[in-house]
Student: 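Structure in structure tokens, see below.
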Amino acid sequence: MKSRLAVLAALLGTVAVVGAGPGVGATALTTQCAPAANYPAATTPVAFWSTEARCAIVPAGPAGIFGAENFGNKFPGEAAVYMGIVHVALYDAALAIEGGYKPYAIALTAPPGASPDAAIATAAHDTLGGLQPALGLNPSQQAILDGDYAAYLGSIHDGPAKANGIDVGEQVAQAVLALRANDGRAKNPTVADLDPPAAGPGVWQPAPGPVLGLRLPGIKLLALTSASQFRPDGPNSLTSQEYADDFSQVKELGRIDSTSRTPEQTTEARFWTDHDLRQWNDGMLRLAATRGLDLMQTARMLAMAHVAGGDAMIACFDAKYHYWFWRPYQAIPLADTDGNPQTVPDPSWRPLGATPNFPEYPSAHACHSTAVVAALDAFFATDNVPFALDSRVTATTQSYDRLHDVIKDVDWARVLVGFHFRNSDLQGSNLGRKVGRYVAHHDFEPLG
């Protein structure tokens, strides 16, 4: 303990602290990622360190479009898994303080009066640090994380409560990291390692540049028993009427120069090209604040949602690299090879957005978003939960009367942006729904 506090004291010499942050004192705490002044939702230790985790996992994006405060580097597929790992640590740390639910990695009972702020901060910081080097933070980015931790702990009064909280956080992080040892995150498979089919009609071909998600099918799951546990049946046959209908729809509405897509639909399409882990996490923190969720409730809600989202991404990419289905930007110019007389090729067709470099079926965004919604449905025991999400790409906010309305938007938007055939969105949502319900029924349950 003395060595840790000595290191923190040294770090504080390079970190600006303006009093204590909400949840640890009375005024604002200045950090790289989660200053209370800029993130009103981050007014509890769970919300603060959930935001810090997001910043350490999600990239800033081109020209900072996903958030200039971010210093991570994970695309949404892998980011969802990392967010799941960190949030089970937040959950177990909160549980050690509050009790009442089944633990995820370790059953702890904190000493009376232990600081929840110190426990949550240490669990998050040590888990993130322990996920290195696969997390991919360079020394300057790791220094941001360490500096934010030092500033946060420096704002908590020294004493037994703080020391006991730090001890709880350390034990939780060690238990979570033990579960993630050799979990596949550090592997670097190639396209050839995943046994792709021969090139031909219906088969996705990588575009130039990095291919994403290759390691996801082999990453250890957070809750499911197998990545293929809810694998969908596969895309529609190229010669089917269903495929022809989906083909015509995305061809007309998803092209960059579509005259059928309305300006409002173009905004809707681009809204969902933000990094969805940033969107969802910020939205859930606002929801927690609006609903007045306490420390344990916030930690449990976030853990359920992010574990469901992480496993949905693993399951989704298992299916993607099982079926290897082609994207619209490949299918439409090559429609004369698909054997379907109702599909007409257009060599000039281009999608509205830059298509992610991995196979089409099923839609990852649909898998992830629907898994999160299913987990939130279970947490609140109703779908009738007003909810809002923002997009920094479009600088707009979408408000929903119920959670399921988000899924409708996501499924439709991926057609409008030209990334997916409609069936892929629906099947992705079906997969995500099963994952979210499974997580809700097997983890984070009340005692008794």
Side-chain angles (χ1 to χ4, degrees), residues 33-34 36 38-44 46-55 57-59 61 65-67 69-70 72 74 76 79-80 82-84 86-87 90-91 267-293 297-310 312-313 364-380 382-414 429 432-433 436 439-440:
C33 173
N38 291 339
Y39 297 93
T43 55
T44 69
V46 170
F48 188 101
W49 283 96
S50 177
T51 302
E52 184 75 21
R54 180 262 288 178
C55 291
I57 293 167
V58 173
I65 191 65
F66 301 149
E69 74 279 8
N70 294 331
K74 298 302 180 185
Y82 279 90
M83 289 290 277
V86 177
H87 282 84
L90 298 183
Y91 169 83
T267 299
E268 181 180 356
R270 289 182 168 144
F271 181 95
W272 292 103
T273 60
D274 199 337
H275 197 294
D276 43 327
L277 272 297
R278 200 285 308 162
Q279 288 181 289
W280 274 108
N281 204 63
D282 284 9
M284 288 190 289
L285 292 182
R286 288 191 294 267
L287 179 63
T290 299
R291 304 283 291 209
L293 300 187
Q297 291 171 325
T298 302
R300 180 170 177 258
M301 180 191 74
L302 292 170
M304 289 174 66
H306 282 305
V307 166
M313 284 296 200
H365 216 316
C367 291
H368 176 259
S369 293
T370 309
V372 171
V373 164
L376 293 176
D377 278 350
F379 176 84
F380 289 107
T382 180
D383 187 62
N384 295 318
V385 178
F387 190 61
L389 288 165
D390 73 285
S391 173
R392 296 186 182 179
V393 172
T394 58
T396 58
T397 298
Q398 295 276 14
S399 296
Y400 303 93
D401 293 327
R402 63 192 192 107
L403 293 164
H404 188 75
D405 292 339
V406 182
I407 300 171
K408 294 179 181 178
D409 260 15
V410 169
D411 288 352
W412 185 228
R414 304 318 263 180
S429 285
R433 188 174 300 108
V439 169

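Note that these values count all heavy atoms, side chains included, but never hydrogens, waters or copies made by symmetry.
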Student: Which heavy atom of G309 sits nearest to which heavy atom of A80, and what is that distance?
Tutor: O-CB, 3.8 Å
Student: Does W280 form a side chain to side chain contact (heavy atoms under 4.5 Å, CB included) with V373? I'd like the steps, not just the answer.
Tutor: CA-CA 10 Å; W280 274 108; V373 164; 3.7 Å; yes
Student: Could you check whether any side-chain heavy atom of F271 comes within less than 4.5 Å of a side-chain heavy atom of L389, counting everything from C-beta outward?
Tutor: yes
Student: Taking side chain as C-beta onward, heavy atoms only, is H368 less than 4.5 Å from L277?
Tutor: yes
Student: Quick check for you: to the nearest 0.5 Å, what is the distance between L287 atom CG and L293 atom CG?
Tutor: 6.5 Å
Student: Can you check side chain to side chain contact (heavy atoms under 4.5 Å, CB included) on L302 and N281, steps first, answer last?
Tutor: CA-CA 8 Å; L302 292 170; N281 204 63; 4.1 Å; yes
Student: Would you say that M284 contacts L376 through its side chain, given a criterion of any heavy-atom pair below 4.5 Å between the two side chains?
Tutor: yes
Student: Mind listing the closest non-hydrogen atom pair of A79 and H275 along with its distance?
Tutor: CB-CE1, 3.7 Å
Student: So L285 and R54, do their side chains get closer than 4.5 Å, heavy atoms only?
Tutor: no
Student: Mind checking whether H306 and V86 have side chains closer than 4.5 Å, heavy atoms only?
Tutor: no
Student: Nearest 0.5 Å, please: how far is OG1 in T394 from CD1 in I65?
Tutor: 8.5 Å
Student: Are Y91 and V307 side-chain neighbours, meaning at least one heavy-atom pair lies under 4.5 Å?
Tutor: no
Student: Mind listing the closest non-hydrogen atom pair of S429 and I407 along with its distance?
Tutor: OG-CG2, 3.4 Å
Student: Minimum heavy-atom separation for M304 and A378, please, with both atom names.
Tutor: CE-CB, 4.2 Å
Student: State, to 0.1 Å, how close A366 and D411 come at their nearest heavy-atom pair, and which atoms those are.
Tutor: CB-OD1, 3.4 Å
Student: Does some side-chain heavy atom of R291 sit less than 4.5 Å from a side-chain heavy atom of P386?
Tutor: yes
Student: Hydrogens and angles aside, do D276 and S369 bring a side-chain donor and acceptor to less than 3.5 Å of each other?
Tutor: no
Student: Donor-acceptor pair, distance only, cut-off 3.5 Å: does the side chain of D390 make one with the backbone of T397?
Tutor: no
Student: Would you give the length of the straight line joining atom OG1 of T51 to atom CD of E69, rounded to the nearest 0.5 angstrom?
Tutor: 9.0 Å
Student: Does some side-chain heavy atom of N70 sit less than 4.5 Å from a side-chain heavy atom of C55?
Tutor: yes
Student: Backbone N or O of H404 within a donor-acceptor pair of the D383 side chain at under 3.5 Å?
Tutor: yes
Student: What closest approach, in Å, do V439 and A308 show between heavy atoms, and which atom pair accounts for it?
Tutor: CG2-CA, 3.9 Å
Student: Which distance, rounded to the nearest 0.5 Å, do you find between the OG1 of T267 and the CD of Q398?
Tutor: 9.0 Å
Student: Mark yes or no for whether R414, through its side chain, and W272, through its backbone, hold a donor-acceptor pair below 3.5 Å.
Tutor: yes
Student: Going by the rule side chain to side chain contact (heavy atoms under 4.5 Å, CB included), which residues pair with D274 if we only count those two or more places apart in sequence or in a different chain?
Tutor: F66, R278, Q279, S391, R392, V393
